[in-house]
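Heads up, the thing below is written out as structure tokens.
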Amino acid sequence: MSRRIFMSIHEREEDILGIARAAREAGLTIVDIYAPYAVHGLDQAAGFRPSRLPIICFILGLLGAGLKVWFEFWTTAIDWPIDVGGKPWNSWPAFVPVTFEVMVLFAGVGTVIALFITTKLWPGKRAKIVFDGVTDDRFALLIVEQDATFEPGKVRMLCERFNAVYVEEREEETA
Amino acid sequence: MTAETPNVSSDEMPTHRHPGIAESDLSRPWIADRLSRFRVSTRTVRSWHALTAVGAAVLVIGLFLAPARTWASVLLASQFLIGLGLGGLFLVAMHYLTGAGWSVVIRRIPEAMAALLPVGLAAVAAVVIFYPSLYAWTTGEHDTLSGFKGLWLNYRYLLLRSAAYAAIWLLFARALIRNSRAQDTDGALNPRHRNVALSAGFTVCFALSYWLASVDWVMALEHHWYSTIFGVYAFTGLFSSSLACTILVAQWLRGMHAMGGIIRDDHLHDLAKLLMGATTLWMYIWFSQYMLIWYANIPEETIYYVHRQSGTWGPLFLMNPILNWIIPFFTLLPRFCKRDGIILARIAMLVLVGRWLDLYLMIYPSAFPDAPAFGLWEVGIALGTAGVIGGLILRALGRAALVPLKDLYLRESLHHHQ
């Protein structure tokens, strides 16, 4: 199956912000935006859904902390109790530093792995660069051409309004 | 890429322009004028003054009827006020040193908080001069103090040190704020450069002097007890409470429409992130102090926590981490809570109450180890402190434009995005 993609290249930050907002307001479907650096306010302009990674991060942190507390309790109070300075076996203050570290480890490493999974960045994946300039000094906006509402002429005019330096239509294979 | 790539030579490139900068609201003279003439309604000022008057009345009566509790309360108030004043200067210094652009529009708030410093210093001076018996070591129990401690805890030397701390802080406060305000009129770059250098000096002097001051004025209340992390612990409370105060004032100014929407959700968001970080640092240091003492289990160290965990002190001791970290941290985790002025202001209020409780738990158990002393004197002086904070900050805000009008980074700050 394939879909038609409309790509518009811009040279300035305010143009890409402007066209992202205008395209969203015109009801066009923005596939993605490529920029050489993080542009503040771009995801709001394009109406992208906020990332759900923080929720995954939070759950993984809780999981790591919970597992560690259980493990420490099991080792020090159940499986192999050792008397340390006459303190009770299940002395929670002693568990806190390690629990904290394992929580950070789970949340940090787990979130990076989750990011790789959601963005399909497997090891050995080949880079797919839509336009050479986006790694240097150009901004690229990709719009999917939907059957009913899409009018290439109007979209071209929109691109020109925001000083597009280059516009291209292409066929993209989708899995 | 098979298609021809556009090739625009650099001389054909249009001049780079940021969105909206040319249309910056501050270029309109009437806005700058409005920001320079910020005045609070007399009703608001009067209500803060009324609170101060209540506090003063309770203070005067308390000095005769319940001197021990009143003086302990005055010491608490002094540490609260000094914390906010120095914390304000610390925030200003940090933003200068890191070259932060986003925070320029809120800089006048921590600058205004520095006005609390003289009052706090006057309060602690009164305690040290008129009621030194709050510190048991001044009453002549010297023989039990070991070598260095015996040398350090000397009354005249304490007066000298206290005067030195006050001089250092007041001089830095005056210089930093004078330079910042001077820039408003001529827009020269020199004041900023001078303030960056001053901030570097202040940060080093502040770290050393506040550490020693918190040991002298608070930790020495129980002179046999010893905690090497106490200065850091006192600092973390100062950091989170001054951020909370900055947030409260910022949200109040937004509510008053005093600044025409200049402080936006994006600025609050960054302040909220700093507050989360500061409260977490407080928790980290609180626990570091607790755990080392718990682990080593040396009687002269554990006695500090034994008093604070027994009897009615116990619930208060547990309340401390709940107010200062658990509630703020988990409430501020979601993004929308950091951007909601009302939620954020409530959390900031909670952190300030938590700071009061934290200082209460540092100061009061030394004089009242058996049960917490709490009543008219504590409430009255706390209300008076709130009145002093509100009144002085509002007055200081009116002394200069609400925004550093000619700061180099003002435009960056106006267009700050999260």
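In what follows, every chain begins at residue 1, and chains take the letters A, B, ... in the order their sequences are listed. Values below: all heavy atoms of this structure, side chains included; hydrogens, waters and symmetry mates excluded.
The CH2 atom of A/W92 sits 8.5 Å away from the CH2 atom of B/W294 when rounded to the nearest 0.5 Å. Distance NE2/A/H40 to NE2/B/H416: 7.5 Å, rounded to 0.5 Å.
More than 12 heavy-atom neighbours from other residues, nucleotides or ligands sit within 6.0 angstrom of CZ on B/F329. When the shell of 6.0 Å around NZ of A/K154 is examined, it contains 12 or fewer heavy atoms from other residues, nucleotides or ligands. More than 12 heavy atoms of other shown residues, nucleotides or ligands fall within 6.0 angstrom of atom NZ in A/K125. The number of heavy atoms from other shown groups lying within 6.0 Å of CZ (A/F71) does not exceed 12. Heavy atoms from other residues, nucleotides or ligands lying under 6.0 Å from CD of B/E300 number 12 at most.
Between A/F100 and B/Y284, the ring planes are perpendicular. Angles over 60° get that label, and only those under 30° would be called parallel.
No side-chain heavy atom of B/R335 sits under 4.5 Å from any side-chain heavy atom of A/P50.
Nearest approach of A/P93 to B/M291, heavy atoms of both residues: O-SD, 3.4 Å.
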